[in-house]
Amino acid sequence: MPASFDSATGAVALQFRHMKTFGGFRSGNDFFYGELRGDEVHRLSQPYWTQVQPTREILPLANLQIDVPVTPSKVIAVGLNYADHIAEMKRTEIGAPLIWFKAPSSLLAHHGVIEIAFPRHQTDFETELAVVIGARTKNVSADDALDHVFGYTIGLDITDRDLQKQEKQFGRCKSFDSYTPIGPFVYADADVRDASIKLRQNGELRQSSRTSRMIHSVGQIISFVSQSLTLLPGDVILTGTPAGVGPIQAGDELEAEIDDWLPLRNTVAIAQNFPTGNAERSSGNTI
């Protein structure tokens, strides 16, 4: 869908003039990364998280399709990072960030369709602040961790609760194709210490909190993760969801918001070729 989806590219120009804004864009079959300046996209010669190197090509945002804004080598999710979400899930705080991997193939663009893999399962939305890493990061301190961040965006962590309960681990239940909507854009100089975070389902407010209520800050999360593995430029970390998560169904329209950033909008449908048989049953392992 063209970028004029909100019939207000002028509003885009006003809204994001104060932040360096990057994304993935498509013109027909041509995909590229670019920097959004007002209502124009300045094409870049390479992914922005490696080096911001503009070409001379400038394209109107209204003529482009907004695509997935980043290509990570890995997507890391954090759970149980808001006290109210811990309470609603009837869990207890574990004292350290709970992390797992989501498949990069689960990433979905703004206005993309979330396809429910198992229609009989409860499949929930979770809106989250997403971090895009900008430098190779290993064993970094929490105080220095933000120096390794390129920017921030909005993410959704779609979760098959039936599989999550059966398997006691989170990789599969959150990694189906389309289960990680992200975008629309990445903001390189955003202040996320106390940003509002909201989700609306069919226009009804379901989640509303602030990032200052996270148990583990962005810096603490990056430091913790970097003690176990090396983060690479372009990697994405989802920082956890506040209370208010709930099930999705075909026909739903989801709108995730962080501060005054352009909202991440997605719709929901049933996967046309959803899995059947053994793929739906859990082995019962607890790895």
Side-chain angles (χ1 to χ4, degrees), residues 75-102 106 114 122-133 142 145-146 149 151-165 168-171 173-175 179-183 186-187 190-201 204-228 231 235-248 252 254-261 263-266:
V75 179
I76 298 167
V78 176
L80 306 181
N81 201 27
Y82 288 80
D84 55 0
H85 178 59
I86 292 174
E88 75 175 349
M89 300 302 289
K90 297 180 173 58
R91 299 287 297 272
T92 56
E93 188 175 339
I94 64 173
L98 173 64
I99 65 172
W100 63 90
F101 292 100
K102 295 193 70 169
S106 70
I114 300 165
Q122 177 178 330
T123 302
D124 285 3
F125 58 76
E126 300 181 0
T127 187
E128 311 197 8
L129 170 70
V131 180
V132 177
I133 298 298
L146 297 187
V149 172
Y152 303 91
T153 188
I154 307 169
L156 285 176
D157 181 16
I158 305 301
T159 305
D160 184 317
R161 296 294 185 204
D162 289 52
L163 292 181
Q164 185 179 36
K165 292 174 183 177
K168 309 301 182 185
Q169 55 83 30
F170 302 162
C173 68
K174 293 171 175 281
S175 286
Y179 275 27
T180 313
I182 190 170
V186 173
Y187 305 100
D191 183 353
V192 299
R193 291 172 296 179
D194 185 36
S196 65
I197 180 168
K198 299 178 181 179
L199 181 129
R200 289 181 171 84
Q201 182 181 33
E204 297 291 329
L205 185 64
R206 301 299 188 195
Q207 294 185 276
S208 181
S209 188
R210 305 196 68 84
T211 56
S212 56
R213 297 176 185 169
M214 290 195 299
I215 295 170
H216 307 288
S217 70
V218 171
Q220 290 169 334
I221 291 168
I222 294 172
S223 177
F224 178 82
V225 172
S226 77
Q227 310 307 316
S228 303
L231 292 166
D235 283 350
V236 171
I237 301 176
L238 299 173
T239 59
T241 192
V245 303
I248 58 175
D252 280 352
L254 303 180
E255 182 177 271
E257 302 176 6
I258 293 180
D259 270 358
D260 62 350
W261 307 353
L264 171 64
R265 295 189 173 105
N266 297 96

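No donor-acceptor distance shorter than 3.5 angstrom exists from the side chain of Asn266 to the backbone of Ile114, with no hydrogens or angles considered. Under a 3.5 Å cut-off, the side chain of Asp259 and the backbone N or O of Ala195 do not form any donor-acceptor pair. For the pair Gln164 (side chain) and Phe170 (backbone), a donor-acceptor distance under 3.5 Å is absent. Distance alone, capped at 3.5 Å, places no donor-acceptor pair between the Glu255 side chain and the Pro263 backbone. Within the 3.5 Å criterion, the main-chain N or O of Asp157 finds no donor-acceptor partner in the side chain of Thr180. Side-chain N or O atoms of Asp160 include one that pairs as donor or acceptor with a backbone N or O of Asp162 at under 3.5 Å. Between the Glu88 side chain and the Asp84 main chain, no donor and acceptor come within less than 3.5 Å of each other.
Counting heavy atoms from C-beta outward, Tyr152 and Val132 have side chains that stay 4.5 Å or more apart. Side-chain contact between Pro181 and Ile158 is present, with at least one heavy-atom pair separated by less than 4.5 Å. Looking only at side-chain heavy atoms (C-beta outward), Val192 and Met214 stay at 4.5 Å or farther from each other. Inter-residue side-chain proximity for Ile222 and Ile133 is flagged as met; some heavy-atom pair is nearer than 4.5 Å. When side chains are defined from C-beta on, Lys102 counts as touching Ser175, because their heavy atoms get closer than 4.5 Å. Two residues are said to be in side-chain contact when any heavy atoms from C-beta on lie closer than 4.5 Å; Pro242 and Ile197 meet this criterion. Residues Gln207 and His85 fail the side-chain proximity criterion, which asks for heavy atoms closer than 4.5 Å. The shortest side-chain heavy-atom distance between Ile76 and Asp235 does not fall under the 4.5 Å cut-off.
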Determine, step by step, whether Ile237 and Leu231 satisfy the side-chain contact (heavy atoms from CB on, under 4.5 Å) criterion, reporting the C-alpha distance in whole Å, the side-chain angles of both residues, the deciding distance to 0.1 Å, and the verdict. CA-CA 10 Å; Ile237 301 176; Leu231 292 166; 4.1 Å; yes

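Residues passing the ring pair (Phe, Tyr, Trp, His ring centres under 6.0 Å) test with Tyr179, sequence neighbours excluded: Phe176. Among residues two or more places apart in sequence or in another chain, the side chain to side chain contact (heavy atoms under 4.5 Å, CB included) test is passed with Ile86 by Leu80, Arg91, Glu93, Ile215. With sequence neighbours excluded, no residue forms a side-chain hydrogen bond (donor to acceptor under 3.5 Å, both in side chains) with Ser226. A search for side chain to side chain contact (heavy atoms under 4.5 Å, CB included) contacts involving Gln220 returns Ala142, His216, Ser217, not counting sequence neighbours. Partners of Ala256 according to the side chain to side chain contact (heavy atoms under 4.5 Å, CB included) rule, which considers only residues two or more places apart in sequence or in another chain, are Thr127, Ile154, Leu156, Leu199, Leu264. Residues satisfying the side-chain hydrogen bond (donor to acceptor under 3.5 Å, both in side chains) test with Gln201, not counting sequence neighbours, are Arg206, Asp252.
The minimum heavy-atom distance linking Asp194 with Ser212 is given by the pair OD1-OG, 2.5 Å. For the pair Val236 and Ala130, the tightest heavy-atom approach, listed with the atom from each and the gap, is CG1-CB, 4.2 Å. Listed here is the closest heavy atom pair of Pro97 and Val78: CB-CG1, 4.4 Å. For the residue pair Leu163 and Cys173, the shortest heavy atom distance occurs at CB-CB, 3.8 Å.
The distance from the CD atom of Glu126 to the OH atom of Tyr82 is 11.5 Å, given to the nearest 0.5 Å. Atom CG of Leu238 and atom CH2 of Trp100 lie 8.5 Å apart (nearest 0.5 Å). Distance CG/Asn81 to CD1/Ile99: 12.0 Å, rounded to 0.5 Å. Between Gln122 atom CD and Ile248 atom CD1 the span is 10.0 Å, to the nearest 0.5 Å.
Looking at Lys174 and Thr159, their side chains do bring a donor and an acceptor atom within 3.5 Å of each other.
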